[in-house]
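Since the structure is predicted, the reported quantities are computational estimates derived from the model, not experimental observations. Quick note: residue numbers are just sequence positions, from 1.
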Amino acid sequence: MNDNALSSASVPGIRIIADDRPWSWLQAGWQDLTRIPGVSLAYGAGFVAAGYLLSFLLWRADGFYLVLPLAGGFLLVAPFAAVGLYDASRRLQSGEPVSLTGALLAWRRPLQVASFGLILLLLHFAWMRVALLWFVLYFHGGTPALDKLPLFLIEAQNLPFLVIGTLIGGVFAAITFAISVISLPLLLDRDIDVISAILLSLRAVFNNPKAMLLWAGLITLFTAVGLATFFFGLGLLFPLVAHASWHAYRDVVE
């Protein structure tokens with residue numbers, strides 16, 4: 001990454017941090033969650049409810065086979081969905097009052113936040129299209145009834161489908177992580193354009209590869225636990241990671 005491309009005086013710098021800093025971010029995120037449990041857990045519960053609603057709608061539309069890529073797409077839209085919790089942590093840090101209404105409307109301030117959310121939404125749509133295409137290409141001979149689909153997918157002959165599908169999803173998730181790990185909190189907190197925020201996020205990843213790899217692994221682990229509990233675990237883990245992400249931004253950006 002060419003630092004000269006980011007030489008504008010209005011663009012902040014990136015710190016080099018210790019490899020184990022993500023554990024401190026989680027600790028700080030947990031402290032935020034316990035300070036405003038009503039806002040944090042209500043936000044998480046809303047996210048869980050949205051997961052169940054989308055799954056139900058897919059089932060009613062005979063598209064239940066899309067639940068798996070939809071769940072994988074959680075990693076792509078979660079950074080934008082967490083904007084309200086970033087703002088809650090920002091308010092806690094600055095001593096401002098925190099409310100659920102303020103958190104839910106945080107995406108409207110400033111406009112750049114909504115613009116970045118559109119980028120993540122487009123990435124999610126692209127992932128869903130690629131996942132659907134891979135499903136159709138692999139199972140061109142037909143698939144079993146929906147009630148037998150989970151067992152069908154884990155049969156030995158279908159493991160390549162899961163492995164390759166997971167790798168494709170991993171590429172989308174890695175791109176999303178790299179461009180958004182600090183972008184949205186940065187856009188929420190400072191007057192900066194979307195492109196500069198993305199470039200700074202990439203610099204943060206490239207300058208702190210071990211710390212960011214650990215942070216990405218922790219996010220993936222927590223997401224997997226949340227999805228394995230049929231979205232229920234996300235009610236706690238989603239706000240925890242969101243609050244921690246705010247502290248990651250504050251720690252990395254000068």
Study note, to complete from the structure: Sequence neighbours excluded, the answer for ring-ring contact (aromatic ring centres under 6.0 Å, His included) partners of F172 is W127
Check your understanding: Roughly how far, to the nearest 0.5 Å, is CD1 of I219 from OG1 of T223?
Key -> 7.0 Å
Exercise for review: Flag the pair L137 / L133 as yes when at least one side-chain heavy-atom distance between them is below 4.5 Å, and no otherwise.
Suggested key: yes
**Study point:** Over all atoms of both residues, closest heavy-atom pair of I119 and I179
**Key:** CG2-CD1, 4.4 Å
Exercise for review: Flag the pair V83 / Y86 as yes when at least one side-chain heavy-atom distance between them is below 4.5 Å, and no otherwise.
Suggested key: yes
Exercise for review: Treating Ile, Leu, Val, Met, Phe, Trp and Tyr as nodes and any side-chain heavy-atom pair under 4.5 angstrom as an edge, say whether L213 and V181 lie in one connected cluster.
Suggested key: no
Practice item. Evaluate the ring planes of F238 and Y43, with Trp represented by its six-membered ring, and classify them as parallel (under 30°), tilted (30 to 60°) or perpendicular (over 60°). Key: parallel
**Study point:** Side chain proximity check, F222 to L234, heavy atoms < 4.5 angstrom
**Key:** no
Practice item. Indicate yes or no: at least one non-hydrogen side-chain atom of P12 is less than 4.5 angstrom from one of L200. Key: yes
Check your understanding: Which distance, rounded to the nearest 0.5 Å, do you find between the CZ of F206 and the CG of L199?
Key -> 10.0 Å
Review point. Minimum heavy-atom separation for D19 to L214, with atom names?
Key: O-CD2, 3.6 Å
Exercise for review: State the OG-CZ distance between S99 and R91, to the nearest 0.5 angstrom.
Suggested key: 6.5 Å
Check your understanding: Is it true that a side-chain atom of D193 and a backbone atom of S196 form a donor plus acceptor pair closer than 3.5 Å?
Key -> yes
Check your understanding: Are any non-hydrogen side-chain atoms of I14 and I182 less than 4.5 angstrom apart?
Key -> yes
Review point. Can you check side-chain contact (heavy atoms from CB on, under 4.5 Å) on L218 and W215, steps first, answer last?
Key: CA-CA 5 Å; L218 289 171; W215 185 225; 4.2 Å; yes
Check your understanding: Are the side chain of S89 and the backbone of W246 linked by a donor-acceptor contact shorter than 3.5 Å?
Key -> no
Practice item. Might you confirm whether atom CZ of R129 has over 12 heavy atoms from other residues, nucleotides or ligands at distances under 6.0 Å? Key: no
Check your understanding: CG/L187 to CZ/F80 distance, rounded to the nearest 0.5 angstrom?
Key -> 11.0 Å
Review point. S180 side chain to P79 main-chain N or O, any donor-acceptor pair under 3.5 Å?
Key: no
Exercise for review: For S183 and A197, indicate whether the former's side chain and the latter's backbone hold a donor-acceptor pair under 3.5 Å.
Suggested key: yes
Exercise for review: Could you tell me whether the side chain of P22 reaches within less than 4.5 Å of the side chain of L26, counting heavy atoms only?
Suggested key: no
**Study point:** Side-chain touch E96/R90, heavy atoms, less than 4.5 angstrom
**Key:** yes
Exercise for review: Start with the C-alpha gap between F231 and Y52, add the side-chain angles, then the distance that decides, and say whether ring-ring contact (aromatic ring centres under 6.0 Å, His included) holds.
Suggested key: CA-CA 8 Å; F231 300 110; Y52 282 125; 5.7 Å; yes
Exercise for review: Please lay out, stage by stage, how L236 and L33 fare under the test side-chain contact (heavy atoms from CB on, under 4.5 Å).
Suggested key: CA-CA 9 Å; L236 175 65; L33 191 154; 3.9 Å; yes
Review point. Of all heavy-atom pairs between R15 and D251, which one has the smallest distance, and what is that distance?
Key: NH1-O, 3.1 Å
Review point. Transitively linked via ILVMFWY side-chain contacts under 4.5 Å: L118 with V113?
Key: no
Check your understanding: How close do G235 and L41 get, heavy atom to heavy atom, and via which atoms?
Key -> O-CD2, 3.8 Å
Review point. If Ile, Leu, Val, Met, Phe, Trp and Tyr residues are connected whenever their side-chain heavy atoms lie under 4.5 Å apart, and connections chain through other members, are L122 and V77 in the same group?
Key: no
Review point. When hydrophobic residues are tied together by side-chain contacts of less than 4.5 Å, even through go-betweens, does V130 share a cluster with V171?
Key: no
Point to revise | Minimum-distance pair of heavy atoms, taken over all atoms of V253 and R190 | key: CG1-NH2, 3.7 Å
Check your understanding: For F230, does the CZ atom sit with more than 12 other heavy atoms under 6.0 Å from it, leaving out its own atoms?
Key -> no
Exercise for review: Would you please test D87 and L105 for side-chain contact (heavy atoms from CB on, under 4.5 Å) and show each step?
Suggested key: CA-CA 10 Å; D87 188 61; L105 297 177; over 6 Å; no
**Study point:** Reported CD1-to-CG distance for the pair I17 and N207, which is rounded to 0.5 angstrom
**Key:** 10.0 Å
Exercise for review: Quick one: pull up CG in L167 and CH2 in W134 and give me the separation to the nearest 0.5 Å.
Suggested key: 10.0 Å
Review point. Residues in side chain to side chain donor-acceptor pair (under 3.5 Å) with H247, at least two apart?
Key: D32
**Study point:** Same apolar cluster: L221 and W23, side chain cutoff 4.5 Å
**Key:** yes
Review point. Any Lys/Arg nitrogen of D189 or R250 sitting under 4.0 Å from an Asp/Glu carboxylate oxygen of the other?
Key: yes
**Study point:** Nearest heavy atoms of F177 and M212, plus distance in Å
**Key:** CZ-O, 3.5 Å
